[in-house]
Amino acid sequence: MTLSNFDQEKGLARLHLMERIRAFEEAARRAAVDEGLVLGAIHLSIGQEAVAAAVIEPLRRDDYILSTHRGHGHTLAKGADATAMMKELLGREGGCCGGKGGSMHIADFGVRMLGANGVVGANITIAAGAAHGIKLLGGDQIVVCFFGDGAANRGPFLEGVNWAGVFDLPILFVCEDNQYSASTLTSDMTSGDVAERARALGLRTTQADGNDVTGLAATAAEITARIRETGKPEFLHAKTYRLSGHTYFDPATYRPEGEADHMRETACPIMRLRTDLTRAGVTEGEMDALRQAAAEEMAAALDAARAAPWPADDSVFADVQDIGSPVEEAF
Amino acid sequence: MTLSNFDQEKGLARLHLMERIRAFEEAARRAAVDEGLVLGAIHLSIGQEAVAAAVIEPLRRDDYILSTHRGHGHTLAKGADATAMMKELLGREGGCCGGKGGSMHIADFGVRMLGANGVVGANITIAAGAAHGIKLLGGDQIVVCFFGDGAANRGPFLEGVNWAGVFDLPILFVCEDNQYSASTLTSDMTSGDVAERARALGLRTTQADGNDVTGLAATAAEITARIRETGKPEFLHAKTYRLSGHTYFDPATYRPEGEADHMRETACPIMRLRTDLTRAGVTEGEMDALRQAAAEEMAAALDAARAAPWPADDSVFADVQDIGSPVEEAF
Amino acid sequence: MAVMSYADAAKLAIAEAMRADPTVWCVGEDLGRGGVFKQYTGLVEEFGPDRISDAPISEAAIMGAAFGAAMAGTRPIVEMRFADFALCATDELVNQIAKARFMFGGQSRAPMVIRKPMGMWRSSAAQHSQSLESWYVHIPGLVVCCPATPQDNYTMMKAAIACDDPVVYLEHKDIWLTEGEVDTARTGAFGKANIRREGEDVTLVSWSNTANLCVAAAEALAQEGIGAEVIDLVSLWPWDKAAVLESVRRTGRLVVAHESVAVAGFGAEVVATVAQNVMLKAPPVRLGSPRGLIAYAPNLEDQMRVTAEMIAAAAKKTMETEPA
Amino acid sequence: MAVMSYADAAKLAIAEAMRADPTVWCVGEDLGRGGVFKQYTGLVEEFGPDRISDAPISEAAIMGAAFGAAMAGTRPIVEMRFADFALCATDELVNQIAKARFMFGGQSRAPMVIRKPMGMWRSSAAQHSQSLESWYVHIPGLVVCCPATPQDNYTMMKAAIACDDPVVYLEHKDIWLTEGEVDTARTGAFGKANIRREGEDVTLVSWSNTANLCVAAAEALAQEGIGAEVIDLVSLWPWDKAAVLESVRRTGRLVVAHESVAVAGFGAEVVATVAQNVMLKAPPVRLGSPRGLIAYAPNLEDQMRVTAEMIAAAAKKTMETEPA
Ligand SMILES: Cc1ncc(C[n+]2csc(CCOP(=O)(O)OP(=O)(O)O)c2C)c(N)n1
Ligand SMILES: Cc1ncc(C[n+]2csc(CCOP(=O)(O)OP(=O)(O)O)c2C)c(N)n1
Ligand SMILES: [Mg+2]
Ligand SMILES: [Mg+2]
C-alpha cells in the first residue's frame with residue numbers, strides 16, 4: 001500500500017479496532033488457558049483482524065452481517081459490546097446470548113450481527129435469505145456474509161451464491177481465506193479456485209490482500225457502495241493467515257516448520273498497519289496507547305465477565321419456542 | 001455434422017439404439033395412458049436419446065454409469081434387458097428391481113448401471129465415490145454420471161465434482177441440459193453458466209451439441225479414452241431438449257407456444273441422424289426397418305410385462321437389511 | 001360454509017394470510033406454475049412472482065434462505081415438494097432454524113411454515129413416500145402439525161402462518177383432492193386434538209390420513225355395537241396429551257395407529273405416555289408400518305399399509321382381553 | 001486382556017480389520033492428523049493416506065462418495081466428526097444408503113460404518129451436542145449401534161465393519177478417554193444386550209453413556225438393598241427386546257433412561273413395547289432430556305442431563321408404588 005493518500009485518522013481507527021479484536025481474543029485465550037474460565041472451544045481470528053475491520057467499516061448499523069465459528073472479530077467490528085461478548089464466552093448472565101450460545105454462536109441482533117455459526121458454510125444460504133428479505137421488504141440495507149476457504153467446498157456455498165445471483169440480492173460474500181480448514185491445508189482438498197467458482201456462479205468477484213487493512217478497506221468501500229447502488233451480489237476473496245491454532249488449544253503442529261513465525265513477521269495486519277502509519281508520521285507512542293487502551297478495555301471486560309453470575313437455571317427453558325415450549329404443561 | 005468420415009455401420013447401430021429407447025418409452029407411455037398399467041410417475045427422455053447413445057457407446061461393460069429420474073435411455077444404452085425394465089415399470093415379478101423401484105429407481109448392476117435416482121443431483125457424489133472405489137481397488141474402469149441442468153444448482157453438484165477433482169478420479173460428469181427443470185426454465189433459476197462451474201472446479205470441460213449423435217459419439221470416445229488414460233475427471237455439457245413433458249402426464253403448457261414443435265422439426269436426434277444417413281446413402285427402408293424392429297421388441301417387452309404376475313407379497317420383506325431385517329423375530 | 005378440497009383449504013388460508021400481511025410469501029420449486037400438486041394454482045396471478053417465488057432445485061438454499069428472510073422480517077412459507085426432499089435441508093431445519101432463537105438467547109425468531117407433503121401416494125416408491133413426523137417431534141424448537149381434513153388444513157395453516165415458531169407442516173399427499181366442509185370462521189390451536197368421533201369403549205388415537213381411517217374403523221365398529229372414540233391429534237408437538245389421557249381413563253383401551261414406521265414412531269410416545277399415567281383394561285395396541293421399505297409395486301406397497309380393517313380388528317382385540 | 005480407552009478400543013478394531021481386509025478404509029475430515037478426537041491417531045502412518053483419507057468439508061460428499069465406493073466393492077468407514085454435522089448428509093444416508101439395496105431389488109449392498117460421535121461434551125452448545133439415535137432406528141435399512149464401554153466399542157466396531165448393512169455407529173464424545181478391559185477374543189452381535197448388572201427388583205434399560213450412569217445408579221441402589229438389573233442395549237436396531245421382556249417379567253418394574261430428548265426418543269419405543277407385552281407392578285418411568293435445547297453455560301447444560309441420581313430415584317419410585 002502506498003501511503004500517498006493515506007488517511008491517518010482512519011488508519012488509527014482501524015488500528016484501534018484491530019487491537020481491540022486481538023486484545024479481546026488474547027484475553028479470552030488467557031481466561032481459557034490460565035483460568036479455565038472458557039469451557040467450550042473458541043476459535044481465534046488472530047492474524048485475520050484486517051478482514052473484519054476493513055470489510056465492516058463501510059457498513060451502516062442497519063446492514064446485516066453473518067459470521068462463522070471464528071466470529072469475534074466480525075462481531076466487535078459491527079459494534080457489539082465486548083463485555084457482553086466476554087460474558088457469553090464465559091457462559092454468564094448478561095452474555096449477548098444469555099450464556100446459551102458461547103463463542104460459536106455469538107450474535108448481536110442489536111447491531112444486526114445475525115450470528116456466528118457452528119456449522120461450516122451454513123450461514124451462506126441464510127445470509128442470501130437475509131438479503132432476500134431486505135429486497136422483499138424494499139429496504140436499502142446490504143448483507144455481508146463471512147466464511148472460510150474450507151466452507152467453499154460445502155454444497156451450501158453453491159446453493160447460496162447461486163440464490164443471490166438468481167434473485168439479484170444485495171449481498172457481499174467474503175471468503176476469508178486463511179489457507180487452512182482445521183488441521184488440513186485447504187488447497188489439498190480443493191479442486192480449482194474459489195474466486196473462479198464465484199465468477200462461474202455469475203458474481204462480480206474481487207481478489208484482495210486480506211492482511212492490508214488500508215487497501216482492503218478501500219476495496220470494500222467501493223464494492224459495498226456498488227452493491228447498495230445496483231442491488232447485485234458480489235464476491236470478495238481475501239487472502240489472510242491465522243496466526244494461532246484452529247482452536248485456542250490447537251498447537252497447529254501440522255503446519256510446516258517456521259511458517260507461522262514467518263507470517264507473524266511479514267503478514268500480521270496489525271504490524272503492517274503500524275509500519276504504514278509509522279511511515280505516515282504516526283508515533284509509536286500514539287499507537288502503543290491504542291494497544292494499551294484495547295488491552296485495558298478487554299481486561300475490564302474479562303473482569304466483568306468473571307464476576308458475573310451464571311444464568312438463572314430456569315432460563316434454559318426460555319426462548320425454545322412459544323407454542324409447545326418445554327415450560328408449558330404440554331411437556 | 002459433415003458426413004465425410006461418416007461411419008455408416010455405426011450410424012445404423014446408433015439409430016437402432018435411439019429407436020429402441022424411443023420405442024421403449026412410447027410403449028411405456030401407452031401402457032400408462034391407454035391402459036393404466038404404469039402406476040408411478042415416469043419421466044421420458046424422448047428427444048434426448050442421442051446423449052445416452054453417444055456417451056455410453058465407448059464404455060466397456062464393466063464401466064459404471066449412474067443416472068437420474070430420467071434413466072430409461074441410459075439403462076438401455078448400457079445394455080440392460082428391455083423386458084426386465086418394462087416389467088419394472090409395471091411393478092411386476094421379473095422386473096430388474098423386483099418391482100420394488102419402478103422407473104425412478106431402474107438399475108441393472110449386471111451391466112454396471114448403478115441406478116436411476118429419485119433425488120435430483122444425489123447421484124453426483126455417489127458416482128464420484130464409485131470412481132473412488134475403482135481407484136482404491138486399482139481397477140481400470142471409468143464411471144459416467146448423468147444429471148440434468150437443474151441438478152447443477154444443488155449442493156451435491158459442487159461437492160461431488162470437487163471430490164472427483166481432489167482425488168483425481170476416473171469419472172465423466174455429463175450434464176444433460178434439456179433446458180427445463182420440471183416446469184421451470186432452468187436458466188431463470190441459474191446464475192452463471194454450468195460449464196463454467198465445472199471449469200472453475202478444475203475439470204477439463206467440453207461443450208457439445210447433445211442432439212447430434214455422430215459428433216457427440218466422437219467427442220465422448222475421445223473424452224472417455226483420455227479419462228481411462230489419465231485417470232482424471234472431466235465434464236461434458238451436452239445441450240439437448242426434452243420433446244415430451246416432465247412426466248408422461250405433463251402437458252408442458254409452460255413452454256412458449258410452438259417451441260416443442262419447432263424443436264421436434266429441427267432438433268430431434270433421430271430425425272437428424274436419419275437425415276445424415278440418408279445423405280450417406282442409406283435408404284429409408286433400411287432405417288424404417290430398424291424403427292419397426294425396435295417397435296416390435298418393445299411391444300413384446302410390454303406384452304411380457306403385462307402378462308407377468310405381481311411380485312410375491314412377502315418379497316417386500318427381503319433385501320431391506322441382513323441384520324435386524326423386518327423378517328426377523330426382532331421386529 | 002363452503003365445501004372444498006384439502007389442497008384448496010390450505011390455499012385459501014395462505015391467500016387470506018397473504019392479503020392481510022404483505023410480509024407473508026411462499027417459496028419453492030415450480031410454484032409459479034401452481035406447484036407440483038397444484039396446491040398453489042392461481043396464487044402467482046394474485047400475488048406476483050416475488051411473493052409466490054420459484055426457486056432453483058436447491059432445498060438447502062430454499063430452507064436456509066427462507067430462514068434468513070424470516071430473520072430479516074418476513075414470514076416465509078417454504079414448499080419442500082415431497083417430505084423426502086426436505087432431507088436435503090436437514091441441517092438448515094434442525095441445526096439452524098430450530099435452534100437459532102435459543103442459541104442467540106432469544107434475539108431471533110423464525111416465523112416460518114415448512115410444508116412437507118408426506119405419505120404414500122400410489123407407487124411413488126421409497127424416495128417419495130416417507131412419513132417422518134416423529135423425527136420433527138423429537139427436535140426442540142419445532143412445532144409439528146399433520147392435518148387430516150380440509151377444515152383442519154385451513155384452520156391449522158392459518159395458525160401456522162400466524163405462529164412465531166417454525167412449524168413443520170406435513171400434509172398428506174393422498175388426500176389433496178378429498179373434499180369437506182370448511183368453516184373459515186373457526187380458529188385452531190396447536191395442541192388441541194380434534195375429537196372426530198366420541199365413544200366409550202375404546203380410544204383410537206391417530207393423525208394425518210390414518211385419522212381418517214380410524215373414523216372409518218369406528219364406523220364399522222359402531223355397526224358391531226362398539227363405541228370407539230377417535231382422537232385426531234392434528235398437531236404432534238404440542239400434542240393433546242390431556243385429551244388422550246382423559247379418553248383412555250374412560251375407555252380403558254387404546255389403539256394408536258399411524259402410517260409411518262411403527263418402530264420409534266410417534267405412536268410409541270403416545271403408548272408410553274399412557275402406560276406411564278393410566279392403568280388400562282387391556283394391553284395397548286400400536287399399529288404402524290413394519291420396519292421395511294415402501295415399494296413401487298402396488299401389492300408390495302400395500303404390505304406396508306395400516307388399514308381401517310386392521311384398526312377395527314385391533315380395537316376388537318382390546319375388547320376381548322379380560323381386564324387385569 | 002488389555003486395558004485401553006474407549007477411543008483406542010475402536011481404533012484397534014479398525015486397525016485389525018484394515019490389516020485383514022485391504023478393502024476397508026476410513027474417510028473424513030482431518031483424519032490424517034488423527035481426527036478431531038484423536039480417534040485415528042497413528043493409523044495413517046500404518047495404512048497411508050489413501051486408506052486413512054482426508055476429505056474436504058463436504059459431509060454430503062463424504063457420505064455419498066463412501067456409498068458409491070461401497071457399491072464399487074470397498075468397505076468404507078465414514079467419519080462424520082460430530083453427529084450434528086451428519087445432518088448435512090441426511091439425504092445421502094436416509095434416501096440413498098438405507099434404501100438402495102431394497103429399491104434396486106437386492107442388486108446392491110452398502111457395507112459401511114458411519115461414525116457419528118454424539119452427546120453432550122462440556123459446553124459444546126446446541127449444534128455440537130445432539131443425540132439423535134432414535135431418528136436412525138426409525139429408518140428401515142439401517143443398523144444402529146451405541147456402545148458404552150471400551151469392550152463394546154471394540155467388539156461392536158468389529159461387528160459393524162464385518163456387517164454388510166450400513167451401520168450408524170454412535171460413539172459418545174464424553175467417554176473417549178474412559179478406560180476399561182478389552183478382551184479381543186470376544187465377538188459381538190447386534191441385537192444382543194450387555195447385561196451390565198443383574199438384579200431382581202427393577203430393570204434399568206439404557207444405552208450409550210447413560211448405561212454407565214445406570215450402572216452407577218444400580219451400585220447406589222444396592223447400598224440400599226435394591227437389586228437393579230442394568231440392561232445396556234448396545235444396539236438399538238436390532239434391539240434385544242427379548243432380554244428386556246424377560247427381565248421386566250421378573251422384576252415387574254422398569255426405568256428407561258437416555259441422554260437424548262425424551263419426547264419421541266427411543267425410550268418411548270422400549271416403554272411402549274413393554275406396555276404392550278407385560279403387566280408391570282408399577283408404572284414404567286422414562287427419563288430423557290426435556291424437550292429443550294442444550295446450552296453453552298454449564299449450569300444450563302446440566303438442566304438437560306439425566307443423572308445417576310435421577311435414575312436411582314426413579315427406580316425407587318417404581319419400588320414405592322403398590323402393585324396394581
Ligand atoms: C459442516 C461442518 N463440518 C465440519 C465442521 C468442523 N469444523 C469446524 S471449523 C472447521 C474448519 C473450517 O475451515 P474454514 O472454513 O477455512 O474456516 P477457518 O476455520 O479456517 O476459519 C471444521 C472442519 C463443522 N463445524 N461443520
Ligand atoms: C432434491 C430434489 N428436488 C426436487 C425434486 C423434484 N424433481 C424431480 S425431477 C425435477 C427436475 C429436474 O431437472 P433436471 O435436473 O434439469 O432434469 P430433467 O428433469 O430436466 O431431466 C425436479 C425438480 C427431486 N426429485 N429431488
Ligand atoms: Mg480456513
Ligand atoms: Mg433439465
Side-chain angles (χ1 to χ4, degrees), chain B residues 64 66 88 95-102 104-110 114-115 117-119 121-137 139 141 143 155-156 158-160 162-164 166-167 169 311 315-316 318-326 328-331, chain D residues 22-23 25 27 50-51 53-74 76 88-89 91-92 95-109 140-144 159 163-167 189-191 235-242:
Chain B
Y64 294 95
L66 287 93
E88 191 58 35
C96 46
C97 302
K100 289 173 175 173
M104 243 190 300
H105 307 298
I106 205 129
D108 184 348
F109 280 56
L114 301 191
N117 206 308
V119 179
N123 62 342
I124 301 177
T125 61
I126 301 171
H132 204 140
I134 291 170
K135 187 170 180 180
L136 285 170
L137 296 172
Q141 308 95 314
V143 177
L158 178 140
E159 296 197 13
N162 182 59
W163 191 279
V166 164
F167 293 104
L169 302 175
S315 71
V316 80
D319 284 318
V320 177
Q321 56 194 111
D322 296 329
I323 305 271
S325 148
E328 275 187 29
E329 189 281 325
F331 168 69
Chain D
T23 70
W25 61 297
V27 59
D50 287 344
R51 292 182 67 198
S53 180
D54 285 340
I57 308 178
S58 297
E59 281 72 14
I62 296 171
M63 190 77 88
F67 173 45
M71 290 205 293
T74 71
C88 301
D91 172 62
E92 288 71 19
N95 285 333
Q96 311 296 335
I97 293 170
K99 297 183 174 45
R101 176 177 168 189
F102 178 83
M103 289 190 309
F104 299 146
Q107 296 182 84
S108 67
R109 287 284 185 291
L142 300 178
V143 172
V144 183
C163 179
D164 282 339
D165 296 323
V167 179
F190 294 105
S235 77
L236 299 192
W237 191 265
W239 66 286
D240 199 343
K241 209 194 307 195

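Throughout, protein chains are lettered first and strands after them, A, B, ... in sequence-line order, and every chain is numbered starting at 1. The model shown is predicted, which means the values in this text are computed figures rather than measured ones.
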Chain D contact via [X] - which portion, at a heavy-atom distance below 4.5 Å:
X: Leu136(B); answer: side chain
X: Val316(B); answer: both
X: Asn123(B); answer: neither

Taking every non-hydrogen atom, the tightest pair across [X] and [Y]:
X: Met103(D); Y: Cys97(B); value: O-CB, 3.2 Å
X: Ile323(B); Y: Pro238(D); value: CG2-CD, 3.5 Å
X: Ile134(B); Y: Ala72(D); value: N-CB, 4.4 Å
X: Ala318(B); Y: Phe102(D); value: O-CD1, 3.7 Å
X: Ala122(B); Y: Gln96(D); value: CB-NE2, 3.1 Å
X: Phe167(B); Y: Ala55(D); value: CZ-CA, 4.4 Å

[atom1]/[X] to [atom2]/[Y] distance, rounded to the nearest 0.5 angstrom?
X: Arg101(D); Y: Lys100(B); atom1: CZ; atom2: NZ; value: 8.5 Å
X: Thr74(D); Y: His132(B); atom1: OG1; atom2: NE2; value: 8.0 Å
X: Ile62(D); Y: Trp163(B); atom1: CD1; atom2: CH2; value: 5.0 Å
X: Ile126(B); Y: Ile97(D); atom1: CD1; atom2: CD1; value: 7.5 Å

Contact part of [X] toward chain B, heavy-atom cut-off under 4.5 Å: side chain, backbone, both or neither?
X: Val144(D); result: neither
X: Ser53(D); result: side chain
X: Asn95(D); result: side chain
X: Gln107(D); result: both

With chain B, which of [options] has the greatest number of heavy-atom pairs at distances under 4.5 Å?
options: Pro166(D), Gly141(D), Gly106(D); value: Gly141(D)
options: Ala66(D), Gly68(D), Gly105(D); value: Gly68(D)
options: Ser58(D), Ala189(D), Gly191(D), Ala70(D); value: Ser58(D)

Any Arg109(D) side-chain heavy atom under 4.5 Å of Asp319(B) side chain
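Arg109(D) reaches Asp319(B) side chain to side chain.
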
Highest number of heavy-atom pairs under 4.5 Å with chain D: which of Gly95(B), Gly98(B), Cys96(B)?
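Going by pairs under 4.5 Å, I would pick Cys96(B).
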
Highest number of heavy-atom pairs under 4.5 Å with chain D: which of Ile106(B), Leu66(B), Leu114(B)?
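Among Ile106(B), Leu66(B), Leu114(B), the one with the most close pairs to chain D is Leu114(B).
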
Among Asp165(D), Asp164(D), Val167(D), which residue meets the side chain to side chain contact (heavy atoms under 4.5 Å, CB included) test with Gln321(B)?
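The passing option is Asp165(D).
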
